[in-house]
Asker: 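Take a look at the following structure, please.
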Amino acid sequence: MLEINKFDRIIVANWKLNGSIDFIEQYLQELNCSKLESSNNCGIICTPSVYFHKLVGRLNPLFLGGQDCSNYSEGAYTGEVSATMLKDASCQFCIIGHSERRQIFGQSNEDVCIKAMNLIANNINPIICIGETFEEKNQNLTKDIIYTQISKSVPKNATKDFVIIAYEPIWAIGTGKIPSLEEIDNIHFFIKNEIQNIENYKILYGGSVNSNNASEIMDLKNVDGVLVGGASLDALEYKKIMNS
Ligand code: PGA
């Protein structure tokens with residue numbers, strides 16, 4: 001598994017249910033990986049798994065990531081993709097517990113914990129997503145929600161050397177709204193300092209990140225990078241965020 005401590009910033013592109021072979025060819029051309037400035041940043045491109053083979057060996061110095069993995073290792077589970085299969089397909093990171101998987105597909109914290117264990121067993125770095133709804137924020141429940149999500153979805157054998165946490169307020173995803181910089185730094189401070197066994201984990205911020213706001217967000221003391229959805233579908237925009 002990749003040691004993540006050596007990186008200054010981690011910048012994840014989450015393509016969600018987007019892409020095609022033509023799209024990938026154009027994206028790679030615009031990204032021009034061989035010309036990417038070498039830096040201590042870790043760029044991870046999370047695509048639908050059917051396209052991994054089109055990206056393997058062509059992303060260096062960036063890494064390939066998945067967007068979910070099965071709770072199961074093998075067997076009669078139609079439609080699932082296991083952590084072992086992701087590993088076989090050269091995937092080095094995997095997002096789990098994204099709010100879209102939790103809300104639309106009913107994944108629980110316990111599911112996320114099993115997925116994280118499966119990934120760790122296969123030497124894939126998990127990126128565990130957490131975050132509150134707008135209602136929860138308005139009821140001042142953000143820290144309680146996050147505390148529960150983290151306590152239940154981060155497995156006991158996880159360590160800060162290889163597990164990443166992404167704080168993504170659900171109301172900020174795809175909406176163009178983001179919390180104030182102070183709020184982001186505050187929540188990240190809380191996660192890094194006030195949750196037992198999670199001290200000093202790498203914490204990414206996600207939700208409406210683009211090239212205009214990435215730099216001020218990543219400059220915050222307790223932010224170690226960003227998870228980018230919509231804006232990451234534009235290779236040039238993603239490159240700008242990498243260089244912010
Ligand atoms: P967004 O998505 O950047 O489009 O808000 C972020 C995410 O869902 O990970």
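Order of listing sets the numbers, starting from 1, for every ligand and every atom in it. Values in this document were obtained by computation on a predicted structure and should not be read as measured data.
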Asker: Within the 4.0 Å heavy-atom shell around N14, which atoms of ligand 1 are there?
Answerer: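 It comes down to these atoms of ligand 1: 9 (O).
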Asker: E132 vs Y167, test: side-chain hydrogen bond (donor to acceptor under 3.5 Å, both in side chains). Steps then yes/no.
Answerer: CA-CA 9 Å; E132 83 286 1; Y167 168 56; 2.9 Å; yes
Asker: Short list, please: which atoms of ligand 1 are under 4.0 Å from a heavy atom of G207?
Answerer: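 In order of numbering, the contacting atoms are 5 (O).
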Asker: Please identify which atoms of ligand 1 are closer than 4.0 Å to at least one heavy atom of H98.
Answerer: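 Matching atoms, with element in brackets: 7 (C), 8 (O), 9 (O).
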Asker: Answer yes when K152 and D111 have at least one side-chain N-carboxylate O distance shorter than 4.0 Å, and no when they do not.
Answerer: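 Judged by the 4.0 Å cut-off on N to carboxylate O distance, K152 and D111 do not form a salt bridge.
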Asker: Check each heavy atom of I173 against ligand 1 and say whether those closer than 4.0 Å belong to the side chain, the backbone, both or neither.
Answerer: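 For I173, backbone and side-chain atoms both sit under 4.0 Å from ligand 1.
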Asker: Show which atoms of ligand 1 fall inside a sub-4.0 Å distance from at least one heavy-atom site of L227.
Answerer: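 By the 4.0 Å cutoff, the relevant atoms are 9 (O).
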Asker: Considering only the protein, which heavy-atom contact is closest to atom 9 (O) of ligand 1, and what is its distance?
Answerer: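 Ranking protein heavy atoms by distance from atom 9 (O) of ligand 1, first comes E168 OE2, 2.7 Å.
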Asker: I'd like to check whether K16 has a polar contact with ligand 1, where a contact means an N/O of the residue lying under 3.5 Å from an N/O of the ligand.
Answerer: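 Yes; at least one N/O pair falls below 3.5 Å.
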Asker: Just do the side-chain hydrogen bond (donor to acceptor under 3.5 Å, both in side chains) check on N71 and K115 with the steps written out, would you?
Answerer: CA-CA 5 Å; N71 291 24; K115 290 169 193 293; 2.9 Å; yes
Asker: Please report the shortest heavy-atom distance between F52 and A89, naming the atom on each side.
Answerer: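 Heavy atoms only, the tightest pair is CD1-CB, 3.7 Å.
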Asker: To the nearest 0.1 Å, how far is atom 4 (O) of ligand 1 from its closest protein heavy atom, and which atom is that?
Answerer: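 Of the protein heavy atoms, G230 N, 2.8 Å lies nearest.
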Asker: Among I178, L220, N213, find the residue that satisfies the side chain to side chain contact (heavy atoms under 4.5 Å, CB included) test when tested with Y205.
Answerer: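 With Y205 as partner, I178, L220, N213 yield a single side chain to side chain contact (heavy atoms under 4.5 Å, CB included), made by I178.
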Asker: Mark the output for A231 as yes if a heavy-atom distance to ligand 1 is under 4.0 Å, and as no if none is.
Answerer: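 In this structure, A231 fails to qualify as a contact of ligand 1 - no heavy atom is under 4.0 Å.
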Asker: Can you check which of G229, G174, S232 brings a heavy atom nearest to atom 5 (O) of ligand 1?
Answerer: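 Result: the heavy atom closest to atom 5 (O) of ligand 1 is in G174.
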Asker: Do you know which two heavy atoms are closest between S49 and V81, and how far apart they sit?
Answerer: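 Heavy atoms of S49 and V81 come nearest at OG-CG2, 4.2 Å.
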Asker: Counting only heavy atoms not in E25, do more than 12 fall under 6.0 Å of its CD?
Answerer: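 Count over threshold, so yes.
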